[in-house]
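Structure, as structure tokens:
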Amino acid sequence: MSVGIALPSITEVMPGVGYAPADGLASHVQTLAHPDIAHVPGVADAAQQAAGHLTDAAAQGLQELLAPAAVALGALSGALLAGRAALVTTQVLAAAAVRAAEEQACLEHRQEVEATAARQWEAAAFAAARANARRAALLARVRRAARTAPPGAPRPPRPGLPGPLDPVGTPLARLREELAVLEERTRRAEAAHADWVLRSTPPPFAQQEDDAWQRELRARRAAVLDEHRSRPDTARDADPAVARRADEALPQPPGAEELRHEDAVRIGAELLARLDVAATAEDAAPATAAVRHAIAAAATRPLKARTHLREARRFVADTNRAVRARRYAEERAAAQLHFLETTAPQDTDPLPPAPAETALLRRVLDEGRRLEPHEQRQVDERVAERLAELERRYVERMLRIAVLGTDRCDAPAADSAHPRERLVRLDWTPPGWGDEHWLRIVLDGERARVATMRRERPGARDADALALDDERCRGAGGHLDRLREITQQLGVALDFVLEESGTVPGTRGEDGVLVLDEDTVGDRDARNSRDSKNARDSRDSRDDPRPRHRTAPTGDR
């Protein structure tokens with residue numbers, strides 16, 4: 001094997017991974033476990049006994065990352081999960097929230113939870129992202145309502161919510177407790193705001209005799225809001241099937257010959273009470289008008305009243321779908337805004353900025369409108385770009401753990417801030433290879449490339465050196481297979497496609513990176529061909545008993 005390429009992919013996010021410091025080796029050289037990577041005077045002697053124990057070292061790093069769920073979430077793992085949460089749909093986040101609640105219930109009953117720590121953390125982190133987004137969207141709705149309320153009208157009640165969740169550095173058990181508190185307080189605040197919207201909405205009737213209608217509406221709305229406050233699995237409402245069943249369960253008006261005035265009051269109140277908790281007075285206006293007409297016509301024209309109630313039912317279902325879509329858009333915008341505003345620690349490379357996209361997302365929350373399709377694509381691309389950078393850093397960290405048995409970083413800083421241009425080199429000497437050969441792994445934003453390297457020396461290479469090159473090339477595939485097995489355990493798929501074409505000369509630990517393109521391969525093949533020819537000539541000259549000179553003709557000299 002001479003060169004190879006792989007497309008790394010993250011299958012599971014291990015919970016305990018932090019950012020790599022920008023100064024890399026200088027800060028953490030004392031923790032490195034593999035001397036053939038460090039190549040630092042004083043460290044190699046102290047770590048000599050660790051050489052060759054790739055499996056044991058990686059197993060130790062894996063054990064630390066897969067510690068029980070009480071392990072605190074690392075900063076890089078948390079940012080990566082937040083980025084993934086910012087790109088998935090609200091339904092996926094809702095399903096994760098339900099799964100996290102079920103896992104917590106299993107733990108409380110001392111039942112075995114089959115999910116790994118990584119999957120438990122993913123569900124909890126997704127649930128936290130959704131809870132934070134739901135909190136931010138509610139606060140934005142309250143601010144908009146206070147801003148647009150008529151002068152002199154009562155202001156909406158302050159939600160009184162705790163601060164947003166920060167999973168990084170928080171043990172899983174405590175995060176679940178904080179998540180449950182935030183979700184319960186959010187449900188109560190949503191119900192309180194919905195009750196304020198109802199009370200601040202002009203009633204369908206202004207006459208004094210309609211007090212019975214108002215009492216009926218408030219009683220039924222209170223029952224619906226009590227159910228919303230007390231139901232722990234409101235995340236299921238994001239499931240389209242659940243929402244569709246809720247719309248289908250709206251009360252149907254009876255036949256016209258059976259419709260009485262009290263039936264119109266009861267059904268109309270139930271329909272308006274079933275409006276989504278995020279509905280505004282403007283949202284409720286069409287259904288409210290249809291109910292008003294139905295109740296007014298019920299006593300004398302039951303057929304017309306029934307038609308109006310059917311219209312009201314359709315208006316409520318349509319309004320709920322529109323309000324849910326708007327609410328989910330606001331929650332998605334809040335999750336994406338949180339992710340794009342998150343910064344890396346000061347001692348690490350900064351993340352790509354996104355001022356234009358954060359301005360768009362703030363406008364969604366401030367104005368309560370959805371992004372245009374081209375704006376949403378712009379935001380998604382920026383979120384995906386930042387997520388790609390985090391994934392590149394994560395793959396780099398996992399690869400180092402696999403090779404070094406430690407989550408410390410020792411590479412020089414990458415030479416570009418753009419994720420598609422960042423290149424990171426890792427020179428790895430497999431056990432028993434000595435100082436003459438090593439494997440160079442180069443990571444960019446999308447690919448991992450590997451080459452079998454040899455120390456560059458002047459002059460021709462003899463047969464023994466070429467034979468050792470061949471041996472190292474043949475053995476490289478086995479070491480990479482073992483590396484692939486370990487990275488798979490660390491949640492990273494790294495399948496190299498290899499090409500046998502000789503070794504590449506270079507300097508171990510040199511500044512810069514190796515970019516393996518077609519020109520490089522061609523130059524390398526030419527050099528290897530010349531080295532092979534020189535070695536064959538040298539071997540033939542030693543073994544051939546004939547004279548080691550040639551006699552040139554003299555006539556045409």
Test salt bridge (charged side-chain N to carboxylate O under 4.0 Å, His left out) applied to E184 and R188, step by step:
CA-CA 6 Å; E184 190 268 341; R188 290 182 176 275; 2.3 Å; yes
Let's go through R324 and D247 carefully: what are the C-alpha distance in whole Å and the side-chain angles of both, what is the deciding distance for salt bridge (charged side-chain N to carboxylate O under 4.0 Å, His left out) to 0.1 Å, and is it a yes or a no?
CA-CA 12 Å; R324 280 195 298 266; D247 293 339; 3.0 Å; yes
How far apart are the C-alpha atoms of L426 and L443, what are their side-chain angles, what is the distance that settles it, and do they pass the side-chain contact (heavy atoms from CB on, under 4.5 Å) test?
CA-CA 8 Å; L426 178 65; L443 299 173; over 6 Å; no
Chi angles and distances behind the salt bridge (charged side-chain N to carboxylate O under 4.0 Å, His left out) call for E227, R274:
CA-CA 11 Å; E227 179 184 359; R274 291 290 172 183; 3.7 Å; yes
Would E248 and R245 count as a salt bridge (charged side-chain N to carboxylate O under 4.0 Å, His left out) here? Give the steps.
CA-CA 5 Å; E248 293 172 351; R245 287 194 296 270; over 6 Å; no
After noting the C-alpha distance and the side-chain angles of L399 and W428, does the key distance pass the side-chain contact (heavy atoms from CB on, under 4.5 Å) rule?
CA-CA 11 Å; L399 185 57; W428 169 40; over 6 Å; no
Please walk me through it: do R332 and R370 pass side-chain contact (heavy atoms from CB on, under 4.5 Å)?
CA-CA 10 Å; R332 184 184 186 189; R370 302 179 64 175; over 6 Å; no
side-chain contact (heavy atoms from CB on, under 4.5 Å) between T452 and V504: does it pass, once the steps are laid out?
CA-CA 6 Å; T452 306; V504 180; over 6 Å; no
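Taking 4.5 Å as the limit, every side-chain heavy atom of Y19 sits out of range of all side-chain heavy atoms of D347. Side-chain atoms of L490 and I486, non-hydrogen and from C-beta on, do get closer than 4.5 Å to each other. Using a 4.5 Å heavy-atom cutoff, the side chains of L275 and N320 are in contact. Contact annotation: the side chain of L80 approaches that of L387 to within less than 4.5 Å [non-hydrogen atoms, C-beta and beyond]. Contact annotation: the side chain of V379 never approaches that of E375 to less than 4.5 Å [non-hydrogen atoms, C-beta and beyond]. Residues P352 and R382 form no side-chain contact, since every pair of their non-hydrogen atoms from C-beta on lies 4.5 Å or further apart. Considering only heavy atoms from C-beta on, V492 comes within 4.5 Å of Y394 through its side chain. Counting only heavy atoms from C-beta outward, the side chains of R393 and D349 approach each other to under 4.5 Å.
The structure places CD of E122 at 8.0 Å from CD of E12, a figure rounded to the nearest 0.5 Å. Here L73 contributes atom CG and L175 contributes atom CG; the two are 8.0 Å apart, rounded to the nearest 0.5 Å. Between N132 atom CG and E331 atom CD the span is 11.0 Å, to the nearest 0.5 Å. For the atom pair CG of L161 and OG1 of T186, the computed distance is 5.0 Å after rounding to the nearest 0.5 Å. To the nearest 0.5 Å, atoms CG (D166) and OG1 (T342) are separated by 9.0 Å. Rounding to the nearest 0.5 angstrom, the gap separating the CH2 atom in W121 from the CE atom in M14 is 14.0 Å.
T348 places a side-chain N or O within 3.5 Å of a backbone atom of P345 that can act as its donor or acceptor partner. Under the 3.5 Å distance criterion, the side-chain polar atoms of R440 are left unmatched by any main-chain donor or acceptor of R425. Formation of a donor-acceptor pair under 3.5 Å by the T487 side chain with backbone atoms of A493 is not found in this model. The main-chain N or O of R377 is never found under 3.5 Å from a side-chain atom of D380 such that the two would form a donor-acceptor pair. In this structure, R176 contributes its side chain and A124 its backbone to no donor-acceptor pair below 3.5 Å. Without hydrogens or angle criteria, R449 side chain to V442 main chain gives no donor-acceptor distance under 3.5 Å.
Taking both residues in full, the closest heavy atoms of F126 and L81 are given as CE1-O, 3.5 Å, listed atom of the first, atom of the second, then distance. When every heavy atom of R147 is checked against every heavy atom of D366, the shortest pair comes out as NH2-O, 2.7 Å. Looking at every heavy atom in both residues, W438 comes nearest to T507 through CZ2-C, 3.7 Å. Residue G78 comes nearest to V168 through the heavy atom pair CA-CG2, 4.1 Å, listed as atom of the first residue, atom of the second, then distance. Contact between G506 and M453 at its shortest, heavy atoms only, is CA-CE, 3.9 Å. Taking every heavy atom of both residues into account, V197 and A279 meet most closely at CG1-O, 3.6 Å.
Heavy atoms of other residues, nucleotides or ligands lying less than 6.0 angstrom from CZ of R158 number 12 at most. Other residues, nucleotides and ligands contribute only 12 or fewer heavy atoms inside 6.0 Å of the NE2 atom of H338.
When the options R369, R144, R134 are evaluated for a salt bridge (charged side-chain N to carboxylate O under 4.0 Å, His left out) with E330, the one that passes is R144.
Taking a cutoff of 4.0 Å between a charged side-chain nitrogen and a carboxylate oxygen, E177 and R174 do not qualify as a salt bridge. Between E357 and R386 no salt bridge is recorded (no basic side-chain N to carboxylate O distance below 4.0 Å). A salt bridge links E389 with R392: the distance from a Lys NZ or Arg NE/NH1/NH2 to an Asp or Glu carboxylate oxygen falls below 4.0 Å.
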